[in-house]
Protein chains: 2
Amino acid sequence: MMDLHRLRLLREVHGRGTVHGAARALGYSPSAISQQLAVLERETGTRLLERVGRNVRLTAAGEVLVRHATALLEGVEAAEAELAAVAAGRVAGVVRIASFQSAFIRVVAPAIRSLATTHPDIRVEAAELEVEQAAPALRLQQLDVMVGDEYDGQPRAVHTDLHRQHLLREQIRVILPEDHPEAAADRVPLRQLADLPWAACQPATGHREMHVRVCRELGGFEPDIRYSSDDFLILLELVRTTGAGALLPDLVIGAGAPGVAVRLPAEGDVGRAVFLLTRRTRTPAVAAVADALAAAASEH
Amino acid sequence: MMDLHRLRLLREVHGRGTVHGAARALGYSPSAISQQLAVLERETGTRLLERVGRNVRLTAAGEVLVRHATALLEGVEAAEAELAAVAAGRVAGVVRIASFQSAFIRVVAPAIRSLATTHPDIRVEAAELEVEQAAPALRLQQLDVMVGDEYDGQPRAVHTDLHRQHLLREQIRVILPEDHPEAAADRVPLRQLADLPWAACQPATGHREMHVRVCRELGGFEPDIRYSSDDFLILLELVRTTGAGALLPDLVIGAGAPGVAVRLPAEGDVGRAVFLLTRRTRTPAVAAVADALAAAASEH
DNA sequence: ATCATTCGTTCAGCTTAGCTTCACAATGCT
DNA sequence: AGCATTGTGAAGCTAAGCTGAACGAATGAT
């Protein structure tokens, strides 16, 4: 078992370039450093230092080891910091979140904001990422929380080894140009919109499949999807400027969208569920983040 | 400074749930474990264990520490493994590459293939990622090598702290439907293609800007970009099926594309440079990967 | 060319971290 | 109640790891 103390000495020698310098910096005699590094070489069966002039330089193997050493020592510092925070009764740690766009804006961002005051020792890292890519990352510990969506009638893959928590349910709205004749009524019959050009996400996405399915089942027509983008905000903008229609969940609309009409389909309700996924064993920090996300979601 | 040995004992106790079990497993007396953990508690100023019945259980702080401990111990194992490989004269380590799509297929993938035999101890992780996002990741050590592209006349941001290495230069080709009248000649005058619908990448990408600029400068017209995707293979398919045109670099074409005509613009040459970026201090493993990428690139 | 200085390493000697053994209190099974 | 099993503490021993002195090699000043 490699010893951290020896690695610290090695790193210091690498940083200062001389054994004496490292000894002075760490409050040891040069002899101690030399002996410990000799032990490290014996343990690993590798030459780590070579003399050059009256100084020493690390060998290639030494460089390799020093890289790992710095990483490990940083890890120790992180451990000490988190432990100190936990000991003081606060929840701490790094939590990495992945989310799709609209939940990112409406749920994740507000949650991060409130966590900054309720749990200042939790460092949240967030990225926009698709659900399908995120599940493996969750298992590999590269990710701690992921926020996913699931349209009615299009169940996602079930991950029995992961913990799923419901966040919110929302309605799918019909988005029309303000001056569209059908925009007068509160509920819009989809079958009247068979000739409308549509804006939707790229093929092979949940939203695109939902769009096509809803038009077929409730509207009885094949939609003419003329514009596509995976960016919901762009879809909204496309409706406003090109006069196309769109089917968008509540989260995208938020408080309301200027320049477009937001209606419900007359034929029936279509919904979307938003949920979060974590590993089954939650750290306190992950639990706190999950709670904050649930609270932010309940605002909608 | 926290000691790895104590952390190992803590982890073992956590895993087995009893001090005696951990002692048996590690070949110590139970007393030794107990004493070392007491020292750890004193050092950190935290209670890590609590008695439950005649066994012990970790406190919340203990759980936190044990999580860091396992990560650190894994790090030590990785260090030992890499050091052993290096000592045996082989180059080892984990190298993370980011690349854009076409270089991924034509350069990165073949390089990975050849590295598997020339350097079996290098573990290569590769992801498709855009250049602009990758430079910060490179600095943060989340990434080791990135492959980027640069169209003539559209220089990328200069990163003086990173090392840039030229990989290859390629021509931009005019891709036409096979039955297009201009496809008869070897070199196609762009000005004859002013009325052609075009397929190109999304707005605000290097390729899209190049496309518009080339049409304006060499062709003297504003292109009617009707189809857009950031996936070059989709663009190629769009040309084959919809009859649109495209401007694509050699790497996308590869050995040749069935069903379309690949020509050069008559008005002059447009090129694209492909390069790689690493941090200035390269580890042997990163250097080996860079060499393999350069070799794979020289095939084109 | 010579000498003083600085460097890294080695050896002897000492201190103490860390182990074992033994003893003891607390718990749970029969 | 009796007994095995658990975790912890005290005493004592071994060896890891430190200091200080001595030595050879390299460098820079004179």
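Residue numbering restarts at 1 for every chain, and letters A, B, ... go by the order of the sequence lines. Scope of the values below: all heavy atoms of this structure, side chains included, with no hydrogens, waters or symmetry mates.
The nearest whole Å value for the distance from the NE2 atom in A:His20 to the P atom in C:dT5 is 14 Å. Going from atom CZ of A:Arg42 over to atom C1' of D:dG17 covers 12 Å, rounded to whole Å. Counting to the nearest Å, the P atom of D:dG7 and the CG atom of B:Leu58 are 12 Å from each other. Remark: P of D:dC18 and CZ of A:Arg24 are 18 Å apart, rounded to the nearest angstrom. Rounded to whole Å, atom P of D:dA26 lies 15 Å from atom CZ of A:Arg57. In this entry the distance linking CG of A:Leu26 with P of D:dG17 reads 15 Å, nearest Å.
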For every nucleotide of nucleotides 18-30 of chain C, 5' to 3': is a protein heavy atom under 4.0 Å from its base (B), only from its sugar-phosphate (S), or from neither (-)? SBBB-----BS--
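More than 12 heavy-atom neighbours from other residues, nucleotides or ligands sit within 6.0 angstrom of CZ on B:Arg139.
B:Gln141 and A:Arg67 share no side-chain donor-acceptor pair at under 3.5 Å. With no hydrogens or angles considered, no side-chain donor-acceptor pair links A:Arg106 and A:His300 at under 3.5 Å.
Checked for salt-bridge contact, B:Arg282 and B:Asp291 miss the test: no charged N lies under 4.0 Å from a carboxylate O. With respect to B:Arg279 and B:Asp144, a salt bridge is recorded, a charged nitrogen being found less than 4.0 Å from a carboxylate O.
Nearest approach of B:Leu9 to B:Ile33, heavy atoms of both residues: CD2-CD1, 4.0 Å.
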